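In what follows, a structure is listed as C-alpha cells, so that the remarks can point back to it.
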Amino acid sequence: MEKYLYSEESKNRLTMADNIISLHPPEQFPFPFDPYPIQVDFMRNLYLCLENQKIGIFESPTGTGKSQSLICGSFRWLSDHGKRRREELENEIQRISAEITATSDSGHDWLTTQAQSLFESRRKDELEKKLKKLEKQDLRITEMKKALKQIRSSAVDQADLEFQQLFGADKHKELNGKSATPDSSEEINSETDFVLEDYGSDQDSDDTEKGENEDDSEEDTKIIFCSRTHSQLSQFVGEVRRSPYGESTRLVSLASRQSLCINPHVNKLRSQALINERCLELQKNKKGRPTKKSEGCGGSCQEILKRSRTSAGCPFLRPAPLKCLTQEIIVGDGGIADVEDLVLKGKKIGACPYYAARAAVKDAQVVVVPYNTLLHRSTRNAIGLQLRGNVVIVDEAHNLLDTVEHIHSAEVFGNQLTHGYSQLKQYHQKYCTRFSAKNLLNLKQLMFVIGKLIKILGGVPDGNPMDAPKGGPSATKLLSLLEFISSAEIDSMNLYNLQEFIAKSKVVRKVQGFSEVYKTKNDGKINNDVGKNTPAVGIKAFLKEISNQPQEEKNIESGVAVKESPVDEKCGNNPLLPVIAFLEGLTNRAEDGRVAITRGRTVGKGSLKYLLLNPASHLSDVVTLPRSIVLAGGTMQPISEFKEQLYLACKEDEKKIIHSSVANKDDGRRKSDCIQSNSSTEERILEFSCGHVVPAENVLPMVVLRGPSGRALDFSYQERSKPETINELGRVLLNMCNVIPAGIIIFFPSYDYEKFAFETLEKSGTVAKLELKKKVFREPKKASDVEKVLENFSSSIKNVKNGASTLTGAILLSVVGGKMSEGINFGNDLGRCVIMVGMPYPNALSPILQEKMGYLNTHSSLSQAGQRYYESLCMKAVNQSIGRCIRHKGDYATMLLLDIRYARPQTQDALPGWLKNSLVVQQTFGGAILSVRKFFSTKIPVQK
C-alpha cells in the first residue's frame, strides 16, 4: 500500500475546524478522475474555508492536481451556497410571515403589536427584495439562452454589412492588422481635442465605475480567480473545461485592452497606455465632431461639411453585436472562453471583447483576472469588479506580496522628466490663452513640481538630459517621503489636488496627442517652431503644410504626417506616464514608503524611485472586503510572512475607517465588517499544507554537510570564493554524476557566482571530466536563448535514453531566481536530481533591503521581523527551485542541499512540508553517496 506524505498539522486543523462549524463539508466531490486522498483533504478544507468566511493559505505541491482541487472544491461550494441561500431566504420569509400573524393574534396592546409588526414587515421586505434579485437573475439567464440564437444571427449579418462599409471588402485582413494603416484623415484630431478638459466639471469619464464601497446590484456570490500571467489564466480556464463543471459554469475572462482590442486602428499602437487613451477618445467622440468650412468670419458662419471617421467612434461598440457577444460569453454553446477565444468571437461577431467581457461580469459566476487587475483599486473600479461578499482565490500566491510592492512602486528617469517638462512647456505656450484660470494654475504647478524633480537629479528644467549632473554622480540615497518632499522644495504643493487635476483634466492624454501632431524634442529645450507649425486656416491648411515634408520624416505609426523626434529607450512614447505614477506614489502615507535617489553620469540617466515598504496598506481591501480569500500555491513556505501581512492588512483597514473624515452609511457597514473580521484575525486564518501525490520512497531530500575530502560545505559569502570550496564542489559533482542517471539541475545563488564557479572548475579541468559523463549546459542570460538551451538539454538526455549517446545524461547549471527556477518543469529524466549550491541570500548591504528590514522591525509585532523577512526571501527562492523536478505521481528524484546552514532547524522549518518530512541530514559524504546510489538502484529497473 502506498504511503502518502500527509501533513499532521493539516489533519489537526481539519479536526479543529470540524468542531466549530455547523455544516460539515461533503465527503465526495465531482472530479474528472478518482481523486487522491490528499486532493479530497484539500477540497474539504477549501469548502470549510469558504463556508466559514475564512482567510485560507493553501499549499499544494506542483503535480498534486492543485488547479482541479481548487476548481472542484470551490465550484461545489458555490453551487451549494446558491441553493442554500435561496432556501434560507424562503424559509426566513415564511417564518417572519408566521410571526407577523402570531403577533396580530397575541392580544397585546395595539401600539406594541403595530410596532413589532412594522419591524417584522421591514425585515420581510428586505429579504423579499434579495430573493427577487436572485429570481430576476435566474430569469435573465433563462431568457438570455432563448434569445441568443436570434440575436446572434441578426447581429452577425448586420456586422458583416457594416464591416464592408467601414473597412472594405477585405474585412478579415483588416481585422488581423495586415493592412491596418489608416488614412491620415482618419487620425487627425481637431485643435479642440488638445485643450484641457474643464477641471472640476461634472462630466465623468467613460471608464469610471462605482467605487468599492458603493452598494452595487450584485445578485449572487461570485468566485474571482486570479494568477500572475494571461498564460496561467488560460491554463486555468482549460482546467475548468476539463472539470465536471465545464459546461454548467458561467465564466468570464477579463484582460487589458491591449490583449482584447480588435480595432486595427487602435491595437497597432505601441503601448498599453496609448491603446487605453485612443479607445477612450473614440468613445468620447462617438457622436462626431463638426469641421469648419471657414474661420474667417469669427465663427458665426460655421458650416458643417462632414464628420471624420475617427470621430464616429469605435465601430465595434455597436449595441446589437456587443449584446450578442456578451450573451455568447455567458450562455453561448461554444463553451467557456479564454482571452484568445474572446478575441476570435469578437472578430466573428464584430463586437469589442473588452467591453463585452466587462458587461458579462454581472451575470458571471466565475471571473478570471490577472494580478494587476485585482490588486490595483482604481483598475478594479474601472472595470466594475466588486470584492464585497465575493470569494477571491489567488493562485501562485507566493508572489503576492512582491507583486503588490511592484505594482505600487514607481520609477522615473531623468530623461523622462526632462522630456515631459519640455512637452508641458511647449503645450503651455501653445494653448495658454485657451485655458481656464484654474487649469492654467494647476498646469504651472505641475511644471513647477517636475522642474524641482529634475533639480534633485542635478539638472535644470530647461537643460539637456545629456548634461552632467551638478555635484557629479552618486550612489543610491534613500529618503522618507517627508524628507524627499522637503528636499525637493515641493512641500508647499498640494499633491492630492494635483493628482485630481491630472485625472479630471486628462492632461497626459492631451499632451500626448499634442506631441504626436507637433514636433517636440527630447533635449529639454523649448521647440520654438511649434508656433510656426500651427495651421493658419484649420486642419486643411495644416495638412497642406506638412505634406511638403520628406516622406522619411512622416510619422507612419500615428497616421499623422509630421516630423517625429527620436525617442529615448527609457523615455518611451509618453514620458509623462511614469512621472505621474511617481507623483502618485508621493501621495501615499509617509511611513509606508521611501524614495531612492540615484544620480547617473548624466541627468537623463539618473532616476527617482518610490518604494512601497508596506504592502498591507494596499492589500487591506482585498483581505477585508471579500467574503473569503484563498491564497494558494505550490510552495507557500515560509507562511509566517503571509500571516503577518494579513494581520497588518486588517489593521490598516480598521485605521482607514476609524480615521476617515467622511462618514456615511456604507462607512458604518464597512466598519462593522472590519471589526468582525479583526476581532479574531488569527482565528480567521486557516492554514492547509498537503503532502505530495508522490510516494515517500520516490523522494530523497538530503542535506550534505561535507564533501569527499571531508571539507565542510560552507558556501557563505566569506567562504564560497575560496579555491578549496570550489574544488570540493567539483569533487561532489564528479562523484554524484557516477550514480545519478539522466538530468541534473544545479542551482547557484547568482549569475556572478555561477560564472565564477564554472570558470574556476573549467580551469582546473573538472568541467572536462564532467563532460566525459554528462554534457554540461549553462543557463543563458538572454530570455530569447532559453528555449534553445532547454531543447538541446532535452535532446541530450533523449539521445542517452535511445542509445544514441555514450554519455549518462546532461547537467544544467542554473541560477536561483533566474529563468529556470520558476515556470520550467524538469519532470521525469529531465530532472532526476536538483542540487542547491549554497543559500541565495540577497545582498544584505543593499540600502533598499536594509530600509525594508528596518521598517519591519519598527512596525511588525513579531520579534526580529526584519531578519525573518531576510530569511524568507532566501527560502522562498530555494523552495521554488527544488520543486522543479517532481511533476507527477510516478516521478522520482533526489534533492541535494549543499551547505552546512541547511542543517539549522529554523532553515528546515521553512522548507515545504512534503519535503521536510523526508529530509535526511548526512554528516559524511560517504553516507550521502551511498544513499543516492541505493535510491536510484531501486528505480532504474522500474524505468526500464
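All values below were derived from every heavy atom in this structure, side-chain atoms included, with hydrogens, water molecules and symmetry-related copies excluded. This one's a predicted model, so the numbers in the text were calculated from it and none came from an experiment.
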Within-4.5 Å side-chain heavy-atom neighbours: [X] and [Y]:
X      : Y      : result
Trp77  : Val391 : yes
Gln68  : Arg242 : yes
Ser69  : Phe31  : yes
Ile141 : Arg250 : yes
Ile223 : Ile393 : yes
Arg868 : Gln906 : no
Asp125 : Glu128 : yes
Val368 : Asp338 : no

Can you give me the closest heavy-atom contact between [X] and [Y], atom names plus distance?
X      : Y      : answer
Ala357 : Ser253 : CB-O, 3.8 Å
Ile224 : Leu374 : CG2-CD1, 4.3 Å
Arg358 : Arg257 : NH1-NH2, 4.3 Å
Arg76  : Pro30  : NH1-CD, 3.8 Å
Leu401 : Pro615 : O-CB, 4.2 Å
Ala364 : Ile330 : N-CD1, 4.0 Å

Point-to-point distance, once rounded to the nearest 0.5 Å, from [atom1] of [X] to [atom2] of [Y]:
X      : Y      : atom1 : atom2 : result
Asp621 : His376 : CG    : NE2   : 12.0 Å
Leu131 : Arg85  : CG    : CZ    : 9.5 Å
Ser243 : Phe29  : OG    : CZ    : 14.0 Å
Ile629 : Leu400 : CD1   : CG    : 7.0 Å
Glu340 : Ser234 : CD    : OG    : 4.0 Å
Leu78  : Thr249 : CG    : OG1   : 8.0 Å

Determine, step by step, whether Leu613 and His859 satisfy the side chain to side chain contact (heavy atoms under 4.5 Å, CB included) criterion, reporting the C-alpha distance in whole Å, the side-chain angles of both residues, the deciding distance to 0.1 Å, and the verdict.
-> CA-CA 11 Å; Leu613 299 181; His859 294 82; over 6 Å; no
Decide yes or no on side chain to side chain contact (heavy atoms under 4.5 Å, CB included) for Ser97 and Lys124, but give the supporting numbers first.
-> CA-CA 8 Å; Ser97 298; Lys124 181 182 176 182; 2.9 Å; yes
Candidate pair Leu251 and Phe225, rule side chain to side chain contact (heavy atoms under 4.5 Å, CB included), full reasoning | CA-CA 10 Å; Leu251 182 147; Phe225 180 91; over 6 Å; no
With a cut-off of 6.0 Å (strictly less than), are more than 12 heavy atoms of other residues, nucleotides or ligands near NE2 of His230?
-> yes
Is it true that atom CZ of Arg95 has more than 12 heavy atoms of other residues, nucleotides or ligands lying nearer than 6.0 Å?
-> yes
Using modelled atom types only, decide if a donor and an acceptor are shared between the side chain of [X] and the backbone of [Y] within a distance under 3.5 Å.
X      : Y      : answer
Arg388 : Leu625 : no
Asp41  : Pro37  : no
Ser409 : Leu612 : yes
Asp363 : Gln327 : no
Arg684 : Gln53  : yes
Arg241 : Ile336 : yes
Lys222 : Gly389 : no

Which residues pass the side chain to side chain donor-acceptor pair (under 3.5 Å) test with Asp891, sequence neighbours left out?
-> Arg832
Plane angle bin for His618 and His408 - parallel if under 30°, tilted between 30 and 60°, otherwise perpendicular = parallel
With sequence neighbours excluded, residues passing side-chain contact (heavy atoms from CB on, under 4.5 Å) with Leu873 = Pro842, Leu849, Tyr869
Candidate pair Arg86 and Asp220, rule salt bridge (Lys or Arg N to Asp or Glu O under 4.0 Å), full reasoning | CA-CA 10 Å; Arg86 287 161 173 77; Asp220 215 342; 3.3 Å; yes
Should Arg84 and Glu51 be marked as a salt bridge (Lys or Arg N to Asp or Glu O under 4.0 Å) after you check the CA-CA gap, both sets of side-chain angles, and the distance that decides it?
-> CA-CA 11 Å; Arg84 283 197 302 268; Glu51 181 62 29; 2.5 Å; yes
Do you see a donor-acceptor pair shorter than 3.5 Å between the side chains of Ser227 and Gln232?
-> yes
Please assess Val699 against Leu915 for the test side chain to side chain contact (heavy atoms under 4.5 Å, CB included), listing each intermediate value before the final yes or no.
-> CA-CA 8 Å; Val699 182; Leu915 186 146; 5.6 Å; no
